[in-house]
Amino acid sequence: MSNNNEKFKELYEKATDIFFGLTKKFDGLSEKLFETTGIKINIGLIVGSAILILVVGLFVKIILGGVMDFLFGR
């Protein structure tokens with residue numbers, strides 16, 4: 001059980017590192033947009049959130065597809 005918790009924690013840390021690394025890459029663009037327009041928009045967070053929603057949606061579709069196939073035997 002402890003081994004599974006360690007793997008989950010490692011996976012979580014890698015995912016958060018990738019997510020926050022992606023948002024950091026867009027900080028320069030956000031800063032340039034702020035200098036130009038005066039509006040603070042965190043582009044990295046918007047792009048990262050969109051990717052996260054797409055990935056979660058994909059996993060949900062895969063899981064629900066498997067459940068539906070099991071229940072209704074297409």
Side-chain angles (χ1 to χ4, degrees):
M1 184 80 164
S2 177
N3 193 18
N4 288 336
N5 289 338
E6 291 175 15
K7 286 182 181 181
F8 180 73
K9 187 175 181 179
E10 183 180 321
L11 180 64
Y12 175 75
E13 289 175 1
K14 284 183 183 180
T16 54
D17 288 345
I18 290 171
F19 180 74
F20 288 119
L22 180 66
T23 58
K24 293 277 185 202
K25 289 188 181 213
F26 288 102
D27 282 346
L29 184 59
S30 296
E31 193 66 32
K32 193 174 212 178
L33 183 66
F34 175 68
E35 291 172 359
T36 305
T37 63
I39 299 171
K40 286 188 177 182
I41 298 175
N42 192 345
I43 296 172
L45 185 63
I46 293 169
V47 171
S49 298
I51 291 171
L52 181 66
I53 289 170
L54 289 173
V55 168
V56 168
L58 179 65
F59 283 130
V60 167
K61 183 176 186 222
I62 290 170
I63 291 170
L64 287 178
V67 169
M68 294 303 251
D69 284 344
F70 177 74
L71 289 176
F72 298 111
R74 288 188 194 173

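In this text the structure is predicted, and so the values were computed from the model without any measurement.
- Atom NZ of Lys61 and atom CE of Met68 lie 12.5 Å apart (nearest 0.5 Å).
- Just one residue in the list Ile62, Val60, Leu54, Val56 forms a side chain to side chain contact (heavy atoms under 4.5 Å, CB included) with Leu58, and that residue is Ile62.
- Both Ile51 and Leu29 are part of a single hydrophobic cluster, where members link through side-chain heavy atoms under 4.5 Å apart.
- Ile43 places a side-chain heavy atom less than 4.5 Å from the side chain of Leu33.
- You'll find the side chain of Ile46 stays beyond 4.5 Å of the side chain of Asn42, heavy atoms only.
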| field | Test log, rule side chain to side chain contact (heavy atoms under 4.5 Å, CB included), inputs Phe26 and Val47 | value | CA-CA 9 Å; Phe26 288 102; Val47 171; 4.0 Å; yes
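- Both Val67 and Phe72 belong to a common hydrophobic cluster when Ile, Leu, Val, Met, Phe, Trp and Tyr are linked at side-chain heavy-atom distances under 4.5 angstrom.
- Note: Glu31 CD to Thr36 OG1 = 10.0 Å, rounded to the nearest 0.5 Å.
- Here the CD atom belonging to Glu13 is positioned 6.0 Å from the NZ atom belonging to Lys9, to the nearest 0.5 angstrom.
- Scanning both residues, Gly44 and Ser30, for their nearest heavy atoms gives N-OG, 4.3 Å.
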